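Along the sequence shown, residues carry numbers from 1. As the structure is a computational prediction, the values presented were derived from the model and not from experiment.
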Amino acid sequence: MELNEGFADLGLSEPLLAAVSGAGYEAPTPIQHKAIPLVLRGVDLLGCAQTGTGKTASYALPIIDILSSGTGKPRMPRCLILAPTRELAQQIADNFVTYGANHSLRQALLIGGEGFTLQEAALGKDPDILIATPGRLIDMFERGRIMLGGVKVLVIDEADRMLDMGFIPDVERIVQTLPRIRQTLMFSATLGPEIKRLGKEFLINPKEVSVAPPATVAGTVRHAMILVEPEEKRVALRVLLRDEAVQSALIFCNRKKDVDIVCASLQRHGFDARALHGDMVQHRRTETLAAFKEGEVNLLVCSDVAGRGLDIEAVSHVINFDVPYNPEDYVHRIGRTGRAGREGRAITLATHEEAEAVGAISALVNTAIPLTTPEGEPAELDATPREKARPRRGRRRRDEPPTAEKRPARRRTRSPEAAESKPKREQARGANATESKPRREGSRSTDAAEGRGGRKPAKQGAPAREDEPVTGLGDHVPAFLSDPFPVLPPGAGR
């Protein structure tokens, strides 16, 4: 087998080069070309590259060569890789299997949403490489199932996403349990001030590698934005899917509940769509993602859980149903298309209310994204605050979510004439009370008002009159009930 000359120049071993050739890699990407020699030298590294440029291979390949020359201790992995999402962790584990085909290194995957039994069994096989999400790793560590004192190489992947998802406190807690003498590699799609601060905290004299300006987008992606009204987004999405030559598409929503709503709407209108978000159980997320990768379903409505690090081939379209709150998320979302030299299409449905977010995206990518109406005519966003439309009464549309609206309580207002006549009416009512017509005996209204015996029952808690018959038996009271109750002298009943 002819070894890949491009990777051979980086200092990788022959068994690893054979595995790389078997995986179909022809030449290293810029981040791989710069990072692999530095990792092999054992220095700390802070790497930055746009999504889809092969960051995983830039640290996985040299790590396999580093670990192949030593042995580990029971339940003490020598390499720890932290990933923000379960899907990315699973993908990293798959890549290590591919790259390590000619090595005998063992690995374990610890992610949330799955049972502890199988994962504990994997830890019992003394893995050399541990790939984990922060939360599940802390759970296993606190249970005493894993020891981290033997970690020689730490990798923090998608550090900016870790920051966005609030995992940095967990990462800091994990780092405190690791040996101080280690090699640390931190990779991120962006290098903001906060990421650089974390780099100073976790790394020692790191080498910085950046192969593209922050928030750059691939040149193989064509961008477009369509101006629609908020209540017409689902209709516009269906028209777009019918008009475009969509082979496979990722449809991003900002909120998890909107993912389910949009997916259900598409399914009702005959589209082959599935949902993917963080509230789903892990086995459903895995099955859904596998079905999309294998082409069993061509539309995946998802949250930003699918916007980072996932390598899905031949995604022809990325559609932003919502403009992302964070402009950097726009770069990560559209990075799912236009990969490996293929042409991709990124379309965003924007409203006037999202004008500020659209402006932030344009400023970040330093590109004016064309904005049109659904009919294809040029349009402009109006950032002026708009009055919210009043909810429509009547039947809601089938694809609209149910809403719980509370109507304000009606307040009765009395006219001055009515207020003036009220004392007069009360006086007349009091005068007529003594002259009221006698009710017919045995009438339903009389019985209901006065009880079955024809007499008005005493109020609860009020003392009963001595000469009043027992209420409820009418005038037919047995004689024995009228006898006085005998009073016994003190001590007679003992």
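The number of heavy-atom neighbours closer than 6.0 Å to NE2 of H33, taken from other residues, nucleotides and ligands shown, is 12 or below. More than 12 heavy-atom neighbours from other residues, nucleotides or ligands sit within 6.0 angstrom of CD on E142. Residue-environment remark: CZ (R197) exceeds the threshold of 12 foreign heavy atoms within 6.0 Å. No more than 12 heavy atoms of other residues, nucleotides or ligands sit less than 6.0 Å from atom CD of Q247.
Taking the charged nitrogens against the carboxylate oxygens, R136 and E120 have no contact shorter than 4.0 Å, which rules out a salt bridge. Salt bridge status for K233 with E354: present, with a side-chain N to carboxylate O gap under 4.0 Å. Using a cut-off of 4.0 Å between Lys/Arg side-chain N and Asp/Glu carboxylate O, D126 and R75 are scored as not salt-bridged.
Donor-acceptor pairing under 3.5 Å is lacking for the side chains of R284 and T286. Counted by atom type alone, H277 and D260 present one or more donor-acceptor pairs between their side chains at under 3.5 Å. Under the 3.5 Å distance criterion, with hydrogens and angles disregarded, no donor-acceptor pair is assigned to the side chains of N95 and Q91. Residues S248 and N298 have side chains that never bring a donor and an acceptor to within less than 3.5 angstrom of each other. Between the side chains of H283 and E114, no donor-acceptor pair of N or O atoms lies under 3.5 Å.
Of the possible polar contacts, none joining the E158 side chain to the S188 backbone as a donor-acceptor pair under 3.5 Å is found. Side-chain N or O atoms of E208 include none that pairs as donor or acceptor with a backbone N or O of L45 at under 3.5 Å. Put simply, the side chain of S58 gets close to the backbone of K55: a donor and an acceptor are under 3.5 Å apart. Using modelled atom types, no side-chain atom of E194 and backbone atom of L163 make a donor-acceptor pair closer than 3.5 Å. Side chain of D304 to main chain of N254: no donor-acceptor pair is present (N/O by atom type, distance under 3.5 Å, no hydrogens or angles). Put simply, the side chain of R145 gets close to the backbone of R143: a donor and an acceptor are under 3.5 Å apart. Counting only distance, with no hydrogens or angles, the side chain of S21 and the backbone of A18 share no donor-acceptor pair below 3.5 Å. Remark: the backbone N or O of G359 is not paired with any side-chain donor or acceptor of S362 at under 3.5 angstrom. Judged purely by atom type and a 3.5 angstrom limit, S316 has no side-chain atom pairing as donor or acceptor with the backbone of V246. The closest donor-acceptor contact from the side chain of D128 to the backbone of R106 lies under 3.5 Å.
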Test side chain to side chain contact (heavy atoms under 4.5 Å, CB included) applied to L300 and L289, step by step | CA-CA 8 Å; L300 191 63; L289 195 58; 4.3 Å; yes

Worked verdict on I195 versus M186 for side chain to side chain contact (heavy atoms under 4.5 Å, CB included) = CA-CA 9 Å; I195 298 298; M186 190 164 75; 4.2 Å; yes

Audit row: L105, R78, side chain to side chain contact (heavy atoms under 4.5 Å, CB included) steps and yes/no = CA-CA 11 Å; L105 297 175; R78 293 180 289 159; 3.8 Å; yes

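Of the inter-residue distances, the one linking T184 atom OG1 with I156 atom CD1 reads 6.5 Å to the nearest 0.5 angstrom. Between atom CG of residue L16 and atom CG of residue D65 there is a gap of 5.0 Å, rounded to the nearest 0.5 Å. Here the CD atom belonging to Q107 is positioned 11.0 Å from the CG atom belonging to L67, to the nearest 0.5 angstrom. One finds the CG atom of L110 at 9.5 Å from the CZ atom of F116 (value rounded to the nearest 0.5 Å). Considering CG of D322 and OG1 of T348, their distance stands at 10.0 Å, rounded to 0.5 Å. Atom CD1 of residue I334 and atom CD1 of residue I361 lie 9.0 Å apart, to the nearest 0.5 angstrom.
Annotation for E87 and L276: closest pair OE2-CD1, 4.3 Å, computed over non-hydrogen atoms. The shortest heavy-atom contact between L381 and T351 is CD2-O, 3.5 Å. Closest approach of M162 and A83 over heavy atoms only: CE-C, 3.4 Å. The minimum heavy-atom distance linking P62 with A57 is given by the pair CD-O, 3.9 Å. For L154 against L178, the heavy-atom pair with the smallest separation is CD2-CD1, 3.7 Å. Among all heavy-atom pairs drawn from G149 and M76, the shortest one is C-CE, 3.5 Å.
Taking the six-membered ring for Trp, F321 and F252 have ring centres at least 6.0 Å apart.
None of L82, I131, D170, V171 except one satisfies the side-chain contact (heavy atoms from CB on, under 4.5 Å) rule with L137; the exception is L82.
The aromatic rings of Y25 and Y99 sit perpendicular to each other, their planes meeting at more than 60°, with 30° as the lower class boundary.
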